[in-house]
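Comments concern the structure below.
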Amino acid sequence: LQAKPLAGRSVLITAGPTFEPIDPVRGLTNRSSGKMGFAIARAAREAGAEVTLIAGPVHLDTPRGVRRVDVQTALQMHEAVLSQAAQFDVFVATAAVADWRPAQLTEHKIKKKAGDKAAPSFELTENPDILADVSALSATAGQRPFCVGFAAESQDLLKHAREKLVRKKLPLIVANLGPATFGRDDNALLLVDAQGERELPQDDKLNLARELVQEIARRLPANL
Ligand code: C5P
């Protein structure tokens with residue numbers, strides 16, 4: 001094994017949930033802790049890469065030597081990623097991006113009034129798919145990084161992972177094998193690509209991240 005297999009490479013990573021405001025005090029989010037993405041950032045840095053981490057709202061320390069940009073919403077994460085993705089060799093999308101956001105942001109707190117019978121309702125609108133948009137950058141113009149997607153599913157994991165690989169045109173998908181990995185320090189992963197699958201059994205997220213980084217490094221085109 002090479003000690004610094006990502007020396008001279010740059011890696012962009014998204015991590016954590018996004019937060020989609022409903023009004024100034026409320027919002028939609030999910031239970032992603034960001035731990036897997038932060039572990040990958042640390043492992044990529046250890047492997048010699050220049051690493052930028054785009055983080056949703058999480059309670060985690062920035063790994064040493066990693067450049068970090070904090071965002072709240074999917075639209076902010078999309079902008080932070082797309083504004084620089086073409087300059088990176090690798091893009092790893094671990095963020096649990098909210099699929100939808102409230103269509104309108106209510107300027108003031110929605111108040112509960114005495115006698116109100118009906119609960120308030122609001123419309124949702126779709127968020128952009130950050131990973132699909134990065135994957136659609138031009139390879140011929142040298143703008144498309146090597147894209148790695150994550151898949152968390154409650155059923156038919158392999159089937160959905162393979163569908164995602166094709167739909168988002170990815171060279172590699174990482175499926176979460178653990179039933180509920182949110183917030184945990186360990187996980188089990190299944191690496192899925194056009195050739196087949198490889199399981200990384202239950203381990204600390206940092207050890208899994210180190211293995212994943214090795215797998216990414218060996219798939220990159222040789223440095224010119
Ligand atoms: O389509 P689905 O959400 O299941 O795909 C998961 C993968 O796509 C993850 O890598 C996730 O980070 C990425 N994704 C994204 N932007 C979205 C939705 C998912 O980058 N809006």
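As a basis for the values below, the full set of heavy atoms in this structure was taken, side chains included, without hydrogen atoms, waters or symmetry mates. When a ligand or atom number is given, it counts from 1 through the structure's own listing order.
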Margin query: Polar contacts were defined as any N/O atom of the residue lying under 3.5 Å from an N/O atom of the ligand; does this apply to Gly149 and ligand 1?
Written below: no

Note to self: How far is atom 10 (O) of ligand 1 from the closest protein heavy atom, and which atom is that?
What the structure shows: Ala93 O, 2.6 Å

Check: Per the side-chain hydrogen bond (donor to acceptor under 3.5 Å, both in side chains) rule, which among Asp61, Thr62, Thr52 passes with Arg68?
Finding: Thr62

Note to self: One residue to check: Ala98. Relative to ligand 1, which of side chain, backbone, both or neither has a non-hydrogen atom less than 4.0 Å away?
What the structure shows: neither

Note to self: Could you tell me if Asn127 and Asp99 have a donor-acceptor pair between their side chains, going purely by distance under 3.5 Å?
What the structure shows: no

Margin query: Counting non-hydrogen protein atoms only, what is the nearest one to atom 17 (C) of ligand 1? Give residue, atom name and distance.
Written below: Val97 CB, 3.5 Å

Note to self: To check your reading of the model: name the closest protein heavy atom to atom 16 (N) of ligand 1, its residue, and the distance in Å.
What the structure shows: Ile130 N, 3.0 Å

Note to self: Could you measure the distance from the CG atom of Leu6 to the CD1 atom of Ile216? Nearest 0.5 Å is fine.
What the structure shows: 7.5 Å

Next item on the list: Distance to 0.1 Å, residue and atom name: give those for the protein heavy atom nearest to atom 19 (C) of ligand 1.
Entry: Lys168 NZ, 3.7 Å

Check: Which one holds for His160 and ligand 1: side chain close, backbone close, both close, or neither close, with close meaning a heavy atom under 4.0 Å?
Finding: neither

Notebook entry, point to check: Going by an N to O cut-off under 4.0 Å, is there a salt bridge joining Asp185 and Lys35?
Noted result: yes

Next item on the list: May I ask you to check if ligand 1 and Lys164 share an N or O to N or O distance below 3.5 Å?
Entry: yes

Notebook entry, point to check: Which of these, Val174, Leu131, Val148, has its nearest heavy atom closest to atom 15 (C) of ligand 1?
Noted result: Leu131

Check: What protein heavy atom sits nearest atom 11 (C) of ligand 1, and how far off is it?
Finding: Ala95 O, 3.3 Å

Next item on the list: Using heavy-atom distances, let me know which of Ala15, Pro128, Ala74, Ala151 sits nearest atom 21 (N) of ligand 1.
Entry: Pro128

Checklist line | Region of Asp129 engaging ligand 1 - heavy atom pairs below 4.0 Å | finding: both

Margin query: Counting only heavy atoms from other residues, nucleotides and ligands, does the tally under 6.0 Å from CD of Glu126 exceed 12?
Written below: no

Check: Identify the closest protein heavy atom to atom 6 (C) of ligand 1: which residue and atom is it, and at what distance?
Finding: Phe150 O, 3.1 Å

Next item on the list: Verify the distance criterion only: is there a donor paired with an acceptor across the side chains of Glu20 and Thr18 at less than 3.5 Å?
Entry: yes

Note to self: Between Glu211 and Arg198, does any NZ, NE, NH1 or NH2 come within less than 4.0 Å of an OD or OE carboxylate oxygen?
What the structure shows: yes

Check: With respect to Asn187, which candidate in Asp203, Val174, Leu208 satisfies the side chain to side chain contact (heavy atoms under 4.5 Å, CB included) definition?
Finding: Leu208

Checklist line | Full working for side chain to side chain contact (heavy atoms under 4.5 Å, CB included) between Val58 and Ser33 | finding: CA-CA 6 Å; Val58 296; Ser33 69; over 6 Å; no

